[in-house]
Amino acid sequence: MSSQIKIGDKIPSITLKDNTNNDVDITSFKGKYVLVDFWASWCAPCRLGNKKLVKLDNEVNSNTIEIIGISIDTDANKWLKAIEKDKIKFTQLIDPKGFDANAAVQFGVEELPSKYLFNPEGILIAKNPSEEEIKKLIKS
C-alpha cells in the first residue's frame with residue numbers, strides 16, 4: 001500500500017536527471033509555486049495533459065510557478081521524443097522505473113497523470129488540480 005502524500009505535507013527531496021542530463025532537486029524551486037506532473041510517453045491522457053500544461057506554462061509567469069514533469073518511462077528515448085513532439089519547454093525529469101520509481105513511490109502515484117501543486121513554502125495545497133484551479137490558486 002502506498003503512503004500517498006497528503007495536503008499539508010512538504011515536497012519530498014528528490015533529485016533526478018533532466019532531459020539535458022543535469023541533476024535537478026525538486027525542492028530547489030522554493031519561493032514559487034511548484035506543480036509536479038507525473039506522466040509517461042505511452043499514457044494517452046498524459047499526452048493530452050501535456051498540451052494543456054504547455055498552454056498553462058505559456059500563460060503563467062515563470063517567476064510565480066515552476067512546472068516539473070516527472071516521467072516514469074523506462075525508455076528514455078521515447079520520453080525525449082515525446083517532449084519534442086509535445087513541445088514541452090518546462091522542466092522535465094525522468095525516474096525510469098515505471099510505477100516502482102522512487103519518486104512515484106514517495107508521492108504515492110497510483111495512476112497517470114498525477115499532479116501535485118505545492119505553495120512557495122513547499123507545502124502541498126492541491127492534488128490533481130485543473131488548469132483553471134491552478135491559475136486561481138497561484139493568483140490568490
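When reading the values below, keep in mind they use all heavy atoms of this one structure, side chains included, and skip hydrogens, waters and symmetry mates. Note that the structure is predicted; figures quoted are calculated from it, not measured.
- Neither I70 nor L48 shares a network with the other; the hydrophobic side chains, linked directly or stepwise wherever heavy atoms of I, L, V, M, F, W or Y lie under 4.5 Å apart, form separate groups for each.
- A donor-acceptor contact closer than 3.5 angstrom links the side chains of D73 and S41.
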Item to complete: Report the C-alpha distance between K17 and D23 in whole Å, list the side-chain angles of each, state the deciding distance to 0.1 Å, and finish with yes or no for salt bridge (charged side-chain N to carboxylate O under 4.0 Å, His left out).
Response: CA-CA 5 Å; K17 293 267 183 225; D23 286 329; 3.1 Å; yes
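- Screening residues 27-49 for salt bridge (charged side-chain N to carboxylate O under 4.0 Å, His left out) gives K32-E66, R47-D86 as the qualifying pairs, with residues at least two apart or on separate chains.
- Contact annotation: the side chain of V36 never approaches that of K115 to less than 4.5 Å [non-hydrogen atoms, C-beta and beyond].
- Here the closest non-hydrogen pair linking W39 and I83 is CZ2-CG1, 4.2 Å.
- The side-chain heavy atoms of F90 and V54, taken from C-beta on, include a pair separated by under 4.5 Å.
- In this structure the side chain of K127 reaches within 4.5 angstrom of the side chain of Q4, judged on heavy atoms.
- Residues F118 and T27 are not in side-chain contact: their nearest non-hydrogen atoms beyond the backbone lie 4.5 Å or more apart.
- Around atom CD of E84, no more than 12 heavy atoms belonging to other residues, nucleotides or ligands sit under 6.0 Å away.
- Taking the centre of each ring, F107 and F38 come in below the 6.0 Å mark.
- You'll find the side chain of K87 stays beyond 4.5 Å of the side chain of K51, heavy atoms only.
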